[in-house]
> 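Here you go, one structure.
Values below: all heavy atoms of this structure, side chains included; hydrogens, waters and symmetry mates excluded. By convention in this document, chain letters (A, B, ...) are assigned in the order of the sequence lines, proteins followed by strands, and residues within each chain are numbered from 1. Computed from a predicted model, the values in this text were never measured in an experiment.
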Amino acid sequence: MDYILHLLIIINIYIILSVSSNLLIGMVNLLSLGQAAFYGIGAYLTALFLIKYDLPIIPCVLLIMLLTGISGLIIAIPTLRLKGDYFVLGTLAFQNIVFSVLYNWSELTRGPSGIWGIPSPRIFGDLAISTSFGFFLLSFTLSLASVLFFYFTIKSPFGRILKAIREDEVVVISMGRNVVKFKIFAFVISSSFIGISGFLYASYISYIDPTSFNIQESIFILTAVIIGGSGNIRGPLLGAIFVVLIPELLRFFGISESIMANLRQVIYGLLIILIMRFRPQGIAGIYSLK
Amino acid sequence: MFLQIIVNGVIAGLLISLLALGFSLIYTTTRIFHVSYSVLFIFSSYMVFLFYHLHGINIYISCLISILLTALLSVLIDIVIYRPLINKKSSFNIIMISSIGFMIIAINLISLLFGNETKNINIEPSESLIFFDVRVTIVQLIQAIVSILCIFSFFLVGKFTRIGINARALRDDELLLLILGTHTLKIRSLYFFLSGIFAALGGILISYDVGIDPYMGMSMLINVFIALVIGGLGKFEASILGGLFVGLVQSITVYLLSSKWQDAATLLIFVIFLLIKPEGLLGNKIREF
């Protein structure tokens with residue numbers, strides 16, 4: 001039972017990640033490879049706030065959203081000046097810069113050894129979340145809130161403008177809308193919600209190290225959105241569930257742990273190629289990348 | 001000391017240029033963001049490891065076979081992954097993501113077959129020569145010579161033969177080239193084949209020096225991108241300039257800070273370039289719409 005709860009918690013974390021990434025990838029067609037950087041920033045900030053300042057959950061999460069959003073702004077402003085392929089390279093560069101700082105600046109982040117012993121987050125007073133079920137409730141609440149937020153965002157006028165930008169940027173500019181401003185908004189919103197996932201990861205696993213937030217993780221989050229589908233809520237939701245559960249299915253085939261890690265990546269890669277070839281909008285999505 | 005930094009930087013830069021040429025051969029002619037190129041780079045080294053280390057085949061023959069196999073793999077990637085998507089008129093983002101997908105598959109298969117640890121091809125430590133206070137290892141010398149030869153022949157072939165002219169034609173207008181009677185699919189395969197050769201050579205030269213692990217391809221690919229953007233996408237000469245620039249930046253970083261900050265420094269310079277001069281040193285400013 002504990003294990004099922006564990007899976008559900010991880011799924012919730014990835015639901016937040018993929019629904020947030022979808023805002024950039026599926027709604028505005030901005031193929032960003034920087035998600036893991038914000039994930040990592042969120043996680044490391046969580047470690048700081050929980051270990052050093054012992055913040056309760058609500059201020060902690062809000063503060064992390066704010067700070068991760070600001071870092072999103074810092075990265076968005078230079079990269080959004082670039083078009084197409086250059087944008088992807090720009091986000092890739094920032095992703096690696098953030099990883100490099102997390103990994104090499106040992107004085108700040110304890111480098112490759114990571115940070116262990118992150119305490120359980122507390123709701124208020126002494127009431128801390130320390131059981132699996134508690135974390136499940138926490139992660140479920142946060143992911144439900146995120147999903148609802150993005151669902152209504154997509155349906156809102158703001159969401160419509162994003163869709164319009166995705167379909168034809170020039171028309172939106174000619175209608176007098178400041179496209180860059182909207183792209184920056186989307187970037188900042190996306191990154192601040194990714195920070196929530198960082199909070200959940202850090203407080204639940206209670207140990208973080210830089211290698212969980214490298215370019216491979218970015219690609220993995222991208223995979224969830226690609227396979228599940230982009231452009232709506234169902235797609236990324238399904239994608240997150242899918243990519244977390246596939247390795248579990250492999251377990252039933254009695255595959256040894258040592259080859260499991262690599263084998264599941266092979267399966268993800270294969271799925272990406274197959275989906276790009278035969279169903280580019282993803283299993284449950286509505287938008288194929290341009 | 002100063003000269004040593006320059007020499008180290010130039011030799012490292014030459015290798016990056018070599019790889020960048022191979023990548024640019026595909027990107028400028030077909031506009032495909034060939035992320036799977038990183039696979040070719042490590043594939044060749046692992047093949048040399050397989051033949052030379054595990055089966056004891058002569059080193060030169062091992063290299064030759066692995067270069068050939070890598071070139072064939074390169075063409076295979078085009079036929080199996082890229083062409084079906086192009087026939088479907090898929091967008092370039094979709095092609096790039098498929099390329100990423102293949103890269104994930106290949107890296108993990110290699111990891112399954114060979115393990116994650118760094119393997120070494122070259123067992124004995126390399127002797128070095130000293131010219132004018134500068135220490136150069138024999139391996140570095142070989143790297144430099146082979147790179148220069150390849151780059152040189154690339155430009156000779158490019159400027160003066162049909163192959164080179166076709167490359168530029170393919171880049172400018174594929175349909176027109178087809179109408180004029182050139183077999184575009186065949187020359188496309190030729191470019192993928194040549195690209196594979198460059199990747200293989202670069203891979204073997206680099207891994208002979210520092211060993212090989214499954215994830216080297218990705219980090220080398222990033223260096224290649226940076227070199228190409230700094231030099232200026234779209235021009236082959238750019239690869240050389242960009243490659244040397246990146247090599248020197250890395251060398252200087254190692255001297256001024258420490259080797260662990262190499263990547264961050266290179267990336268930072270890259271970001272600055274993207275902001276100030278995204279068309280690169282040699283490129284032309286492009287208007288967007």
Side-chain angles (χ1 to χ4, degrees), chain A residues 25 29 31 33 75 77-79 81-90 92-101 103-106 111-112 169-170 173 214-216 219-220 222-223 226-227 258-259 261-278 280 288-290, chain B residues 27 31 33 35 80-81 84-85 88 90-113 115-116 214-215 218-219 221-222 225-226 228-229 233 257-275 278-279 286 288-289:
Chain A
I25 302 174
N29 193 27
L31 206 67
L33 288 176
I75 294 186
I77 294 183
T79 50
R81 306 170 76 201
L82 310 166
K83 297 278 170 213
D85 284 342
Y86 291 103
F87 172 76
V88 182
L89 289 183
L92 176 67
F94 270 109
Q95 160 68 49
N96 282 330
I97 291 177
V98 169
F99 172 74
S100 200
V101 167
Y103 193 85
N104 290 315
W105 201 344
S106 308
E169 215 170 292
V170 187
I173 296 179
N214 56 12
I215 182 68
Q216 277 151 8
I219 295 181
F220 182 65
L222 188 70
T223 307
I226 298 289
I227 295 182
S258 55
I259 65 172
N262 290 319
L263 196 61
R264 55 179 266 245
Q265 297 283 11
V266 172
I267 295 183
Y268 295 142
L270 211 58
L271 279 173
I272 293 179
I273 294 184
L274 289 173
I275 291 210
M276 287 290 101
R277 173 97 166 79
F278 297 113
S288 333
L289 299 164
K290 297 228 179 1
Chain B
Y27 187 69
R31 299 274 199 82
F33 213 80
V35 178
V80 171
I81 300 181
L85 290 175
K88 267 183 62 171
S90 304
S91 73
F92 288 112
N93 273 337
I94 293 187
I95 297 181
M96 176 175 76
I97 294 186
S98 306
S99 202
I100 295 180
F102 178 77
M103 179 181 78
I104 298 178
I105 297 179
I107 291 181
N108 282 284
L109 280 179
I110 288 180
S111 194
L112 278 174
L113 293 173
N116 273 326
Y215 298 97
M218 279 204 303
S219 34
L221 190 66
I222 294 179
F225 288 159
I226 296 178
L228 282 173
V229 172
L233 285 167
L257 293 168
S258 97
S259 65
K260 69 179 185 178
W261 289 112
Q262 259 177 353
D263 287 332
T266 318
L267 288 163
L268 209 56
I269 306 265
F270 176 57
V271 168
I272 296 176
F273 251 92
L274 278 179
L275 297 175
E279 65 276 2
I286 328 166
E288 290 143 23
F289 301 117

> Mind checking the CD-CZ spacing from A:Gln216 to A:Phe99? Nearest 0.5 Å is all I need.
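Rounded to the nearest 0.5 Å, the CD-CZ separation comes to 8.5 Å.
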> Does A:Gln265 offer a backbone N or O that forms a donor-acceptor pair with the side chain of B:Asn108 under 3.5 Å?
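No, the answer is negative, given that no donor and acceptor are paired below the 3.5 Å cut-off.
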> Please classify the contact between A:Ile219 and chain B as side chain, backbone, both or neither, with a heavy-atom cut-off of under 4.5 Å.
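It is the side chain, since no backbone atom gets that close.
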> Which atoms of B:Leu109 come close to chain A, meaning under 4.5 Å heavy atom to heavy atom: side chain ones, backbone ones, both, or neither?
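Looking at B:Leu109, backbone and side chain both touch chain A.
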> Using a 4.5 angstrom heavy-atom cutoff, name the option from B:Ile104, B:Leu267, B:Asn93 with the most pairs to chain A.
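Between B:Ile104, B:Leu267, B:Asn93, the count favours B:Leu267.
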> Relative to chain A, which of B:Ser111, B:Ser219, B:Ser99 shows the most heavy atom pairs under 4.5 Å?
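Maximum pair count with chain A is reached by B:Ser111.
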> Measure from the side-chain N and O atoms of B:Ser98 to the backbone N and O of B:Ile94, and report whether any donor-acceptor pair falls under 3.5 Å.
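Between the backbone of B:Ile94 and the side chain of B:Ser98 there is a qualifying donor-acceptor contact (under 3.5 Å).
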> Count the heavy-atom pairs under 4.5 Å between each of A:Pro78, A:Ser288, A:Gly269 and chain B, then report the option with the highest count.
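Top count of heavy-atom pairs under 4.5 Å with chain B: A:Gly269.
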> Sort A:Ile275 into side chain, backbone, both or neither according to what part of it lies under 4.5 angstrom from a heavy atom of chain B.
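Nothing of A:Ile275, per the 4.5 Å heavy-atom cut-off to chain B.
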> Can you tell which of A:Leu89, A:Leu31, A:Ile259, A:Ile215 has the highest number of heavy-atom pairs within less than 4.5 Å of chain B?
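Heavy-atom pair counts peak at A:Leu89.
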> If I measure from the heavy atoms of chain B, does A:Ile226 come under 4.5 Å with its side chain, its backbone, both, or neither?
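A:Ile226 touches chain B through side-chain heavy atoms alone.
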> With rounding to the nearest 0.5 angstrom, report the CG to CD1 distance, A:Leu92 to A:Ile97.
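Output value for this atom pair is 10.0 Å.
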> Search all heavy atoms of A:Phe87 against all heavy atoms of A:Thr79 and return the closest pair with its distance.
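Shortest heavy-atom contact: CD1-O, 3.3 Å.
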> Non-hydrogen atoms of chain B under 4.5 Å away: do they reach the side chain of A:Leu82, the backbone, both or neither?
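A:Leu82 touches chain B through side-chain heavy atoms alone.
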> What part of A:Leu270 gets within 4.5 angstrom of chain B, counting heavy atoms only: side chain, backbone, both, or neither?
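It is both, since atoms from each part get that close.
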> Counting only heavy atoms closer than 4.5 Å, note whether B:Ile226 contacts chain A via side chain, backbone, both or neither.
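Contact with chain A involves no heavy atom of B:Ile226 at all.
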> Can you tell me which portion of A:Asp85 sits under 4.5 Å from chain B's heavy atoms? Options are side chain, backbone, both or neither.
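For A:Asp85, side-chain heavy atoms alone lie under 4.5 Å from chain B.
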> Locate the shortest heavy-atom distance separating B:Lys260 from A:Ser106; write the atom from each residue and the value.
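Closest heavy-atom pair between B:Lys260 and A:Ser106: NZ-OG, 4.4 Å.
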> List in chain and number order the residues that pass ring-ring contact (aromatic ring centres under 6.0 Å, His included) with B:Tyr215, two or more places apart in sequence or in another chain; answer none if no residue qualifies.
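Not a single residue meets the ring-ring contact (aromatic ring centres under 6.0 Å, His included) criterion with B:Tyr215.
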> Would you mind checking which part of A:Val98 comes under 4.5 Å of any heavy atom in chain B, side chain (CB onward), backbone (N, CA, C, O), both or neither?
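It is neither, since no heavy atom gets under 4.5 Å.
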> Looking at A:Asn104, A:Val266, A:Ile273, A:Leu274, which has the largest count of heavy-atom pairs under 4.5 Å with chain B?
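It is A:Asn104.
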> For the residue pair B:Phe33 and B:Tyr27, does the interplanar ring angle fall in the parallel (under 30°), tilted (30 to 60°) or perpendicular (over 60°) class?
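Aromatic pair B:Phe33/B:Tyr27 classed perpendicular.
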> Check each atom of B:Ile97 against the heavy atoms of chain A and say whether the ones under 4.5 Å are side chain, backbone, both or neither.
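Both parts, backbone and side chain.
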> Which residues pass the side-chain contact (heavy atoms from CB on, under 4.5 Å) test with A:Ile267, sequence neighbours left out?
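For A:Ile267, the residues satisfying side-chain contact (heavy atoms from CB on, under 4.5 Å) (neighbours in sequence not counted) are A:Ile246, A:Leu250, A:Leu271.
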> Under 4.5 Å heavy-atom distance to chain A, tell me which part of B:Lys88 shows up: side chain, backbone, both or neither.
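Just its side chain gets close to chain A.
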> Identify which part of B:Leu112 has an atom lying under 4.5 Å from any heavy atom of chain A, answering side chain, backbone, both or neither.
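It is both, since atoms from each part get that close.
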> Between atom CG of A:Asn96 and atom CG of B:Asp263, what is the distance when rounded to the nearest 0.5 Å?
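Rounded to the nearest 0.5 Å, the CG-CG separation comes out at 7.5 Å.
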> Rounded at 0.5 Å granularity, tell me how far CE in B:Met96 sits from CZ in B:Arg31.
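Answer rounded to 0.5 Å: 14.5 Å.
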> Identify the heavy atoms of A:Met276 and B:Leu85 that sit nearest to each other, and give their distance.
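Minimum heavy-atom separation between A:Met276 and B:Leu85: O-CD2, 3.7 Å.
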> Count the heavy-atom pairs under 4.5 Å between each of A:Thr223, A:Asn29, A:Ile272, A:Val101 and chain B, then report the option with the highest count.
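With the most close heavy-atom pairs to chain B, the winner is A:Ile272.
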> Specify which of B:Trp261, B:Phe102, B:Phe270 makes the most heavy-atom pairs with chain A at under 4.5 Å.
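Greatest number of close heavy-atom pairs with chain A: B:Trp261.
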